[in-house]
There are 2 protein chains.
Amino acid sequence: MTTPPPGLRERKKQATREALREAALRLAVERGPDQVRVEDIAKAAGVSPRTYNNYFASREQAIVSAVTADREVRIAAAVAARPAEASLADAVTDAVVEQYTNAGEREHETLLLITTRPALRDAFLDATAGIEPPLTAVIAEGLAERPGDAGAHTARVLAASVVAAVRVALEGWLRPTGEARATRSVCAGGLVVPAGSLPDQLRAALAPLAPAFDAAERGTQP
Amino acid sequence: MTTPPPGLRERKKQATREALREAALRLAVERGPDQVRVEDIAKAAGVSPRTYNNYFASREQAIVSAVTADREVRIAAAVAARPAEASLADAVTDAVVEQYTNAGEREHETLLLITTRPALRDAFLDATAGIEPPLTAVIAEGLAERPGDAGAHTARVLAASVVAAVRVALEGWLRPTGEARATRSVCAGGLVVPAGSLPDQLRAALAPLAPAFDAAERGTQP
DNA sequence: ACGCAAACTTGCGTGCGCGCACTTTTCTTG
DNA sequence: CAAGAAAAGTGCGCGCACGCAAGTTTGCGT
């Protein structure tokens with residue numbers, strides 16, 4: 001449907017992008033990320049340094065891109081394939097949690113490397129912004145019964161909020177990693193907040209948005 | 001309370017920052033924003049170019065900073081001074097709308113200049129991220145009755161969502177300005193969506209988040 | 001009042017993002 | 001199938017962000 005013949009042009013383009021991704025990640029783990037020049041990445045991928053940043057605006061973006069890959073489309077697909085009786089809030093939460101968890105499980109070493117360097121950490125956080133457009137589309141799909149494009153506006157806000165919540169969760173998950181801090185923190189009330197694994201952080205961050213999703217799904221005035 | 005004697009050091013620092021702000025904005029409107037070198041701004045403010053980006057990470061940031069000023073503290077103050085019987089959602093919405101409206105009214109010419117150049121437009125959007133920390137604090141204040149720091153986590157998510165919604169509103173408001181498009185757009189359903197003034201856009205974008213605020217304020221399981 | 005430590009500023013060097021003009025490759029149209 | 005259009009790659013150069021290692025100012029303790 002979308003790509004009967006993807007075209008030679010597009011294929012070479014994706015190949016170059018993939019080569020740059022791989023080269024950037026490989027060099028970053030071999031030597032330290034700070035010991036990698038753009039020239040090195042470009043040379044390893046067989047292109048000019050100028051071409052390199054036709055694809056990536058920064059060194060960190062290229063490295064992180066190897067891990068981030070096409071997370072956007074996978075999340076959107078997961079939400080689109082929801083059981084239809086499940087609420088939008090649950091569908092979005094599950095999709096986000098699963099994709100980030102899978103990515104987290106896949107390459108521990110790389111993730112650890114990324115969380116170490118502040119620059120890579122920031123690039124990793126910025127990369128989550130990429131899920132917003134497809135998320136907007138799929139949420140708008142779920143809100144299609146709303147009149148006019150009122151649902152479209154709501155979808156944009158909800159998608160942006162989800163991205164914001166994910167960012168908060170990732171920040172909360174990255175902070176203890178950066179410092180040598182206990183995995184649990186005790187608050188004044190005596191309650192123990194695990195501040196735990198990535199999935200827990202994500203679910204905790206997305207939970208406050210559930211009422212907004214429910215209200216949007218059932219219409220503003222039912 | 002906070003600054004009985006602000007200290008000589010801090011005063012000079014703020015003076016330098018103010019001088020850089022003013023110089024950047026003045027030069028940007030005199031010549032085009034693209035015809036302003038960092039060296040010029042620094043020279044006009046009487047400091048070294050190197051000192052300049054101890055204060056601002058980019059040219060655009062300095063220019064926009066003159067308009068943005070201390071919007072963070074004003075929004076936080078406005079929310080903190082809410083009528084106590086008003087809901088958190090209303091308080092936050094009113095505070096945000098008023099501050100952005102006032103800033104918008106103040107200097108039409110400057111705003112128009114900013115919205116013209118894409119780089120300044122992006123910097124202006126990024127500047128809204130600055131309201132998140134104080135907003136988080138003041139929302140957490142409003143959710144103080146929640147046990148432990150569960151309210152704190154919720155406050156972070158809500159504040160981040162507000163920032164995201166504001167960004168969506170600003171994008172929707174900036175897009176028609178950039179192109180020569182009609183101020184109203186007709187959708188498939190025949191409904192006319194004004195896509196109107198900044199306050200309208202802001203309220204429309206913040207409305208979907210109101211249920212989340214209400215749920216958080218009354219507690220998850222009341 | 002004096003001197004020490006921390007904070008701020010400054011000159012310098014490096015690598016990088018990106019605009020511009022040009023070459024090469026790929027797609028389309030007569 | 002050839003010729004022109006469109007798009008990707010390339011060389012070059014400018015300005016800028018930022019680390020580093022001084023020098024300078026401010027604030028505090030004794």
Side-chain angles (χ1 to χ4, degrees), chain A residues 2-21 23-24 27-28 31-65 116-123 126-127 129, chain B residues 2-21 23-25 27-28 31-65 116-123 126-127:
Chain A
T2 53
T3 55
L8 208 176
R9 197 128 97 186
E10 196 62 21
R11 262 188 297 161
K12 290 194 74 170
K13 199 170 162 161
Q14 293 304 327
T16 302
R17 163 168 266 113
E18 182 62 26
L20 284 171
R21 270 206 265 254
L27 292 178
R31 350 169 170 175
D34 299 336
Q35 308 306 322
V36 179
R37 305 276 170 264
V38 171
E39 184 185 350
D40 305 331
I41 302 176
K43 190 166 298 183
V47 294
S48 131
R50 182 62 184 83
T51 294
Y52 157 82
N53 62 353
N54 286 342
Y55 287 88
F56 299 103
S58 72
R59 219 170 43 259
E60 294 77 18
Q61 209 174 67
I63 298 175
V64 164
S65 160
T116 303
R117 320 282 169 163
L120 289 180
R121 196 192 73 102
D122 292 348
D126 288 350
Chain B
T2 54
T3 54
L8 207 176
R9 197 122 102 183
E10 197 62 23
R11 263 190 295 164
K12 290 194 75 170
K13 200 171 163 163
Q14 293 304 328
T16 302
R17 161 169 265 114
E18 182 63 26
L20 284 171
R21 271 205 265 253
L25 180 58
L27 293 178
R31 358 170 165 173
D34 299 334
Q35 308 305 323
V36 178
R37 307 273 169 263
V38 171
E39 183 186 350
D40 305 331
I41 302 176
K43 191 167 294 182
V47 295
S48 130
R50 182 63 183 85
T51 295
Y52 158 83
N53 63 351
N54 286 341
Y55 286 89
F56 299 102
S58 73
R59 219 171 45 261
E60 294 78 17
Q61 209 175 66
I63 298 174
V64 164
S65 160
T116 302
R117 320 281 170 166
L120 289 180
R121 193 191 75 102
D122 292 348
D126 288 349

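The Lys12(A) side chain lies nearest to dT25(C) when the options are dT9(C), dG17(C), dT25(C). Minimum atom distance to the side chain of Arg9(B) is reached by dA7(C), of the listed dT10(D), dA8(D), dA7(C). The side chain of Lys13(B) sits closest to dC8(C) out of dG9(D), dC8(C), dC16(C). Distance from the side chain of Val47(B) is smallest to dT10(C) among dG17(C), dC8(C), dT10(C).
Rounded to a whole Å, the CD atom of Glu39(A) is 16 Å from the C1' atom of dG17(C). Computed from coordinates, the Tyr52(A) OH to dG15(C) P distance equals 15 Å when rounded to whole Å. Nucleotide dC18(C) holds its C1' atom 15 Å from the CG atom of Asp122(B), rounded to whole Å. Look at CD on Gln61(A): it is 13 Å from C1' on dC16(C), rounded to the nearest Å. Rounded to a whole Å, the CG atom of Asn53(B) is 13 Å from the C1' atom of dC12(C). Note: CD (Glu10(A)) to P (dA8(D)) measures 7 Å, nearest angstrom. Between the P atom of dC20(C) and the CG atom of Asn54(A) lies a distance of 14 Å, rounded to the nearest Å. As rounded to whole Å, 13 Å separates atom C1' of dC18(D) from atom CG of Asp34(A).
Considering every non-hydrogen atom in both Arg59(B) and Val36(B), the closest pair reads CD-O, 3.1 Å.
Considering CG of Asp122(A) and CD of Gln61(A), their distance stands at 12.5 Å, rounded to 0.5 Å. Within the model, atoms CZ of Phe56(B) and CG of Leu20(B) stand 6.0 Å from one another, a figure rounded to the nearest 0.5 Å.
The 5' end of DNA chain D is approached more closely, in terms of each residue's nearest nucleotide, by Thr51(A) than by the other of Arg37(B) and Thr51(A).
At the phosphate of dT9(C), OP1 or OP2 sits under 4.0 Å from a side-chain N or O atom of Tyr55(B).
Evaluation of atom-type donor-acceptor distances gives a pair under 3.5 Å for the side chain of Arg50(A) against the base of dG19(C).
Here Glu10(B) does not pair with Lys13(B) in a salt bridge; the nearest charged N to carboxylate O distance is not below 4.0 Å.
The number of heavy-atom neighbours closer than 6.0 Å to CD of Glu39(B), taken from other residues, nucleotides and ligands shown, is 12 or below.
Among the heavy atoms of the strands, none lies under 4.0 Å from Phe56(A).
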